[in-house]
Amino acid sequence: MQYAVGMSITEAKGTALPAVVDAGAVTEFTDDVDVLVVGFGIAGGCAAVDAARAGARVLVLERGADAGGTTRMAGGHFYLGGGTAVQQATGHEDSAQEMEKYLTAVSPDPEPAKIHAYCVDSVEHFNWLEALGLNFERSYFPGKAVIQPNTEGLMFTGNEKVWPFKDMATPAPRGHKVPKPGDTGGASMVIDLLQTELERLGVEVRYETGARNLVVDADRVVGVRWKTTDGEGYIRAGSVIIAAGGFVMNPEMVAEHVPQMAEKPFVLGSTYDDGLGIRMGASVGAALKHMDSAFVTAPVYPPSILLTGIIVNKDGKRFVTEDSYHSRTSGFVMDQPDSAAFLIVDEAHLQRPEMPLAPFIDGWETVEEMEQDLGIPAGNLVATLSRYNEYAAKGEDPDFHKGVEFLAAQDTGPWAAFDMSLGKAVYAGFTIGGMATSVDGEVLDVAGAAIPGLYAAGACAANLAQDGKGYASGTQLGEGSYFGRRAGRHAAAARAAVNG
Ligand SMILES: Cc1cc2nc3c(=O)[nH]c(=O)nc-3n(C[C@H](O)[C@H](O)[C@H](O)COP(=O)(O)OP(=O)(O)OC[C@H]3O[C@@H](n4cnc5c(N)ncnc54)[C@H](O)[C@@H]3O)c2cc1C
């Protein structure tokens, strides 16, 4: 492949692809390393650690003044299983096979080699994280929540107990949380540990230095052009690992790929989630996958008693099993006419949501009045609710197979409605798509061939997370760290082979 040569460099903004630089035209390289890691979040940090441990000369470029990117914002769930020490200590049986069945079932476009590797290596990866200094508490939170309320090490964070998946793989809790309470910021401790380890390994992290363009020699990526506030230059590298995060903070890319996210949802990300890493990959022919997918959510639980109610669209029809993981429910809301939906509960099951993201609309003495005020065609909601109530009273849900613990007839008026509609509820989210990669993080072109010298990991790569409906909390940190490590080791081995 012959790349366009661009030595008159203008910075690529919006959806523009950065120019590709021909190595032959570069007069001086500031550095020459085996493995150059672009971005120090969970993926880049883990890639750098395993590349350095494998003996490679590693340099990390980080655009921010500190490491961590979006990872520092994360609550700190890692999706791990197959019999981790926390699962064992809390009496939860799991196996790599059941985990693999589950992850395959929730993926719209499963990549079997990646899912298999992730599951069979999950215990080893858990141990690797603990050896880094992360001590997951040997405790379990049994409730249904968005995140553990305290420092409990384990809970269900996906749709393992939710139909149809509960019939496809034996459910096990796999949401391992770092020992720091709170919805956000917990994963910061992982970044601190990675910084300490990189220092111990003698790996330089160059802050406030952004990679801007890839440098190629014929069909091989051999380095980057970098830029700081007061300088620029070129680095030569045996391999470049792009771990530069997603694109939720780039409005043009979001509008092009995920229009539903462009206006109403609140974007969850850090400043440099502008998709530059993805565009750098695309500039040398990387195939991009799942670019139209997003994790978008507005959880209506906790308290989980609210899930005993029903969720209906503006036709008064149910469309999702209400005990789904919150981003699965939200994904189905997005598919409804006008992305409109209501959560309906009776007085006996009404409690105040802990996070008031879906606004309370009102209460009504009769279901007939409620459906009229909500603009639902006459009779539809009455019919839906009475069918639900009839079966719920028997502990059954023939339509959506909701878990028995969430089945309760909503037959004690008055009835309340919460607005889950896009534009009314406070939805927030991040993008999911990125560069196509092999199981070892090699970036693939549209024909499926590895682009020599180029790797990607984390939110700029397409791996296990494929859409919000199948997402489980912990997938991003889990896959970013695991596939980051694989990319680091593969890049180090490739360089060792070249060096003899
Ligand atoms: C509020 C919140 C909570 C979340 N909670 C969880 C959770 O509990 N579990 C989970 O699995 N996921 C969670 N996520 C998602 C998860 O945090 C991210 O998907 C993940 O951290 C991405 O990691 P990364 O290494 O790919 O990117 P980042 O952590 O964003 O790191 C990328 C780094 O690259 C740098 N960079 C960008 N461009 C360049 C460049 N050109 N040159 C050099 N450096 C560059 C950035 O500055 C950044 O430091 C959460 C997200 C949010 C917003």
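Values below: every heavy atom of this structure, side chains too, minus hydrogens, waters and symmetry copies. Counting starts at 1 for both ligands and their atoms, following the listed order.
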For this session: From the options R206, R72, H77, select the one whose nearest heavy atom is closest to atom 9 (N) of ligand 1.
Result: H77
For this session: Please check if any side-chain donor atom of H176 sits under 3.5 Å from a side-chain acceptor atom of Q87, or the reverse.
Result: no
Seminar exercise, completed: Shortest non-hydrogen pair, P18 vs L276, comes out as CG-CD1, 3.9 Å
Exercise. Quick one: nearest non-hydrogen protein atom to atom 19 (O) of ligand 1, plus distance?
Worked result: Q476 NE2, 3.0 Å
For this session: Give yes or no for whether the N/O distance cutoff of 3.5 Å, strictly under, is met between I42 and ligand 1.
Result: yes
For this session: Evaluate the side chain to side chain contact (heavy atoms under 4.5 Å, CB included) criterion for residues V215 and N213: first the C-alpha distance (whole Å), next the side-chain angles of each, then the deciding distance (0.1 Å), finally the verdict.
Result: CA-CA 7 Å; V215 178; N213 306 80; over 6 Å; no
Exercise. So how far is it from T321 OG1 to N159 CG, rounded to the nearest 0.5 Å?
Worked result: 9.0 Å
Problem set entry | Contacting atoms of ligand 1, where contact means under 4.0 angstrom from a heavy atom of T71 | 20 (C), 21 (O), 23 (O), 25 (O), 28 (P), 29 (O)
Problem set entry | Nearest protein heavy atom with distance in Å, relative to atom 28 (P) of ligand 1 | T70 N, 3.6 Å
Exercise. Is it true that atom CD of E199 has more than 12 heavy atoms of other residues, nucleotides or ligands lying nearer than 6.0 Å?
Worked result: no
Exercise. Between E62, H176, M73, R212, which one has a non-hydrogen atom sitting closest to atom 2 (C) of ligand 1?
Worked result: M73
Problem set entry | atom 32 (C) of ligand 1: nearest protein contact (heavy atom, Å) | A243 O, 3.4 Å
For this session: Starting from atom 31 (O) of ligand 1, find the nearest protein heavy-atom neighbour and note its residue, name and distance.
Result: G41 CA, 3.3 Å
For this session: Decide whether T209 and T228 meet the rule of one side-chain donor and one side-chain acceptor closer than 3.5 Å.
Result: no
Exercise. In terms of atom number and element, which parts of ligand 1 are under 4.0 angstrom from non-hydrogen atoms of L268?
Worked result: 53 (C)
For this session: Check the side chains of T170 and E98 for a donor-acceptor pair under 3.5 angstrom, ignoring hydrogens and angles.
Result: yes
Exercise. Quick one: which of F430, Y207, Y272 has a heavy atom closest to atom 51 (C) of ligand 1?
Worked result: F430
Exercise. Does S270, backbone or side chain, put an N or O under 3.5 Å from an N or O of ligand 1?
Worked result: no
For this session: Would you kindly check if the NZ (Lys) or CZ (Arg) of K144 is within the cone defined by 45 degrees around the ring axis of F156 and under 6.0 Å from the six-membered ring centre?
Result: no
For this session: Compute the shortest N/O to N/O distance between R63 and ligand 1 and return yes if it is under 3.5 Å, no if not.
Result: yes
For this session: Using distance alone, with no hydrogens and no angle criterion, decide if T431 and H257 have a side-chain donor and acceptor under 3.5 Å apart.
Result: no
Problem set entry | Nearest candidate to atom 36 (N) of ligand 1, where distance is taken over non-hydrogen atoms, out of A244, A47, G480, C46 | A244
For this session: Would you check the N or O atoms of A67, main chain and side chain alike, for any that come under 3.5 Å of an N or O of ligand 1?
Result: no
Exercise. Among side-chain atoms of W128 and S481, is any donor-acceptor pair under 3.5 angstrom?
Worked result: no
Problem set entry | Atoms in ligand 1 flagged as close to V38, the criterion being non-hydrogen separation under 4.0 Å | 40 (C), 42 (N), 43 (C)
For this session: Drop me the distance from F266's CZ to Y427's OH, to the nearest 0.5 angstrom.
Result: 16.0 Å
Exercise. Given A211, G245, A459, which one has a non-hydrogen atom that is nearest to atom 22 (C) of ligand 1?
Worked result: A459
For this session: Note the single closest protein heavy atom to atom 17 (O) of ligand 1, along with its residue, its atom name and the distance in Å.
Result: A74 CB, 3.3 Å
